[in-house]
There are 2 protein chains.
Amino acid sequence: MLNQPGSLDRVFQALADTTRRDIVERLIRGPASVSELARPLAMSLPAVMQHLQVLEACGLVRSEKTGRVRTCHIEPGVLRTAEDWITAQRTAWEHRLDRLGEYLTEHRDSPDQRSTP
Amino acid sequence: MLNQPGSLDRVFQALADTTRRDIVERLIRGPASVSELARPLAMSLPAVMQHLQVLEACGLVRSEKTGRVRTCHIEPGVLRTAEDWITAQRTAWEHRLDRLGEYLTEHRDSPDQRSTP
DNA sequence: AGGTTGGTTAAGCATGTACTTAAGTATTCA
DNA sequence: TGAATACTTAAGTACATGCTTAACCAACCT
């Protein structure tokens, strides 16, 4: 749908870090403030903020500040774009296997060897 | 199943690059040699080799050399591990929405405001 | 044998990533 | 008002990434 060219790059990049995936898993269970997110993580607050910026930059997380506390929550739609790409590949793979199977049963008795039909 | 701790890190990292996703999309349609993979890509052969090393390091791609040509093919199981993580998050999110919906209909007439039930 | 094809290794370079510490700025509470 | 809380900004560092070019090796072909 509304996918800029480098959009998948950023989403997969964001997910390629345990800390960031932990943050996503936490936010899936409900919104949280920055320091709530930081509490279980073994790193400084600024480091957590930088992870949050990565997650916001790719649209996985939104946040708004009220008073002095910033509350973060997920935007689950972006997870879909990543999931969709992977699913598309896997289903393409399975279709290929199906076609390969058809080919093999059709040519069951002719022993000609080609690399890939 | 057999997931080392940093395994998802490597898979998502591998997918976080357009060139590498292009290689995966190509290999989904069937095995290919290194130079077949390199042909449509606007970069040197060594650069392609390095991308292939990343894809092999995370188990997304296997390759074997016969004669002087190395043939690459996908290992679709690893795509599953990435897909599974994302799917798990999305379903957790949907369950949360369901629980939230139940809560709201049950307390439809009591206007007490809590942040997250 | 000698050249071409297909891949590999090594080294170097510019940028990006994942932190750190130190020093801010607003809010809220006592 | 003045201290504690909740972030924010800036700057610096160490290491990883994504390329490049140059040189090299091992089939194959003629």
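Lettering follows sequence order; numbering is per chain, from 1. When reading the values below, keep in mind they use all heavy atoms of this one structure, side chains included, and skip hydrogens, waters and symmetry mates.
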(message) Using heavy-atom distances to pick each residue's nearest nucleotide on DNA chain D, tell me which of T19(B) and R70(A) is more 5'.
(response) R70(A)
(message) It should be established whether S35(A) places a side-chain nitrogen or oxygen under 4.0 Å from OP1 or OP2 of nucleotide dT5(D).
(response) no
(request) State the SG-CD distance between C58(B) and E75(B), to the nearest 0.5 angstrom. (result) 11.0 Å
(request) For dA26(C), take OP1 and OP2 only and decide whether either is under 4.0 Å from a side-chain N or O of K65(A). (result) no
(request) Measure the distance from CD on Q13(A) to C1' on dA18(C) and round it to the nearest whole Å. (result) 11 Å
(request) Whole angstrom is fine here: how far is it from CD in Q53(A) over to P in dC19(C)? (result) 14 Å
(request) Report the distance from atom CD of Q89(B) to atom CG of D84(B), rounding to the nearest 0.5 Å. (result) 11.0 Å
(request) Calculate the interatomic distance between R20(B) atom CZ and dT17(D) atom C1'; express it in whole Å. (result) 8 Å
(request) Determine, for nucleotides 20-30 of chain D in 5'-to-3' order, which nucleotides have protein heavy atoms under 4.0 Å from the base (write B), from only the sugar-phosphate (write S), or from neither (write -). (result) BBB----BS--
(request) Kindly confirm or rule out a cation-pi arrangement of R90(A) over W93(A), judged by NZ or CZ under 6.0 Å from the six-membered ring centre and within 45° of its axis? (result) no
(request) Round to a whole Å and report the spacing from CE of M49(B) to P of dA10(C). (result) 12 Å
(request) Kindly compute the distance separating CD1 (I86(A)) from CZ (F12(A)), expressed to the nearest 0.5 Å. (result) 4.5 Å
(request) Ignoring backbone atoms, test whether H51(A) places a side-chain nitrogen or oxygen under 4.0 Å from the OP1 or OP2 oxygen of dC19(C). (result) yes
(request) Hey, could you give me the NE2/CD1 distance between H51(B) and I23(B), rounded to the nearest 0.5 Å? (result) 6.5 Å
(request) Between A16(A) and V34(B), just flag the one whose closest nucleotide in DNA chain C comes earlier from the 5' side. (result) V34(B)
(request) When you get a sec, tell me which of dA6(D), dA18(C), dG7(C) is the closest nucleotide to the side chain of V69(B)? (result) dG7(C)
(message) If we ignore hydrogens and angles and just use 3.5 Å, is the side chain of R20(A) paired with the main-chain N or O of Q13(A) as donor and acceptor?
(response) yes
